[in-house]
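Below is one structure, written out as structure tokens; comments come after it.
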Amino acid sequence: TSTISTITFSDNIKVDEWEIDTNKLAIKEVLGGGAFGVVRKGWYTDAKGQEIEVAIKMLRDNPTDEEIRQFQQEIEIMKSVPLHPHLVSLIGCVTKQNLLLVVEYCSKGDLQTFLRAASDKILKATLLNQDTDYEKSKYVFNKMYEINEVDFQDIPLPKDLISIARQVALGMEYLSSLKLIHRDLAARNVLVSDNNIIKISDFGLSRDVYYNNIYYKPSPGKLPIRWMALESMTHQIYTTQSDVWSFGVLLWEIVTLGSTPYPGVSTQEILGMLKIGYRMKKPDNCSAELYDIMCNCWKPAPMERPSFTALRRALDDMLATFS
Ligand code: ADE
């Protein structure tokens with residue numbers, strides 16, 4: 001076992017059937033930066049000798065003991081969560097030499113980037129066409145640039161946006177049924193896979209409802225203020241109902257195609273505004289029905305917010321109106 005200061009990599013981790021032989025792993029380009037490391041693309045040769053595309057999460061150089069402990073815990077949580085179509089699935093891990101978390105690769109990247117790319121395409125089409133009609137602009141853009149089918153598919157229609165929201169709700173319904181709290185639900189932590197299947201990522205950083213949160217002390221600058229429930233900001237209380245608040249903000253990110261919540265408002269101003277009852281206004285192109293759902297997620301009393309089951313059902317019903 002290699003040792004970094006006082007904590008050995010294998011202290012809090014079981015070497016088990018999830019252990020991957022590093023020789024079967026080819027590590028490639030950086031996909032993104034995480035809280036305490038990077039995620040790289042890679043290839044894993046599975047038991048049948050097939051090469052599968054993977055994402056590999058790793059610690060930065062010279063991690064602190066706390067970072068090692070958190071990463072070990074993230075790996076253990078991921079091992080403990082049974083597969084679900086809307087959660088990023090674990091492929092394996094390396095815990096012997098260094099720590100690596102190997103998960104399924106989601107070909108279309110994170111939801112925030114995905115939505116912003118769609119927004120850019122629609123904006124370009126609108127400018128070219130001097131037309132603000134979403135459907136028509138998309139058609140014109142497609143014609144003018146003869147963009148391929150894949151590109152065209154990546155401009156989500158209103159019903160696709162509801163489908164994205166519903167898939168997140170399904171994943172969260174499952175996570176909450178396991179008594180796990182995400183704590184950082186946001187478009188940047190949701191991934192888009194082939195066929196626009198949505199997968200919640202970074203849920204390994206979640207904590208058990210009954211787990212005391214002694215280790216969870218992120219520095220103030222790193223808190224996702226714009227996604228946080230009132231009680232998380234004022235009393236550091238995190239529950240499934242505070243995840244529901246974040247889900248409401250994620251709905252807002254989806255309908256605005258990746259805008260940053262509370263536009264024009266500084267981080268420091270947000271808490272004060274929320275306390276006096278201020279909430280984000282209804283975005284353009286957002287139905288009154290969907291806005292109503294968002295506002296319910298942002299009720300001051302956590303118990304008055306809908307459950308993920310109620311949210312998933314509401315989105316099921318909304319989706320049914322499109323077909
Ligand atoms: N970025 C971070 N995690 C990823 C994953 N699993 N697939 C694709 N891009 C990612």
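Note that ligands are numbered from 1 as they come in the structure, with each ligand's atoms numbered from 1 the same way.
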Looking only at protein heavy atoms, which one is nearest to [atom], and how far off is it?
atom: atom 2 (C) of ligand 1; result: Val39 CG1, 3.7 Å
atom: atom 9 (N) of ligand 1; result: Leu31 CD1, 3.6 Å
atom: atom 8 (C) of ligand 1; result: Cys106 O, 3.1 Å
atom: atom 6 (N) of ligand 1; result: Glu104 O, 2.9 Å

If the threshold is 4.0 Å, N to carboxylate O, is there a salt bridge linking [X] and [Y]?
X: Asp110; Y: Arg116; value: no
X: Glu253; Y: Arg188; value: no
X: Asp194; Y: Lys108; value: no

message = So if I count the atoms of ligand 1 from 1 in the order they appear, which ones are less than 4.0 Å from some heavy atom of Tyr105?
response = 7 (N), 8 (C)
inquiry  = Which of the numbered atoms in ligand 1 are under 4.0 angstrom from any heavy atom belonging to Val103?
reply    = 6 (N)
request  = Hey, could you give me the CZ/CH2 distance between Arg226 and Trp252, rounded to the nearest 0.5 Å?
outcome  = 9.5 Å
ask   = So, for His84 and Tyr174, is the gap between ring centers shorter than 6.0 Å?
value = yes
task = Determine whether the side chain, the backbone, both or neither of Asp110 has a heavy atom under 4.0 Å from any heavy atom of ligand 1.
result = neither
note = Nearest heavy-atom contact between Met280 and Tyr262 is SD-N, 3.2 Å
task = Decide whether the shortest distance between a heavy atom of Leu191 and an atom of ligand 1 is less than 4.0 Å.
result = yes
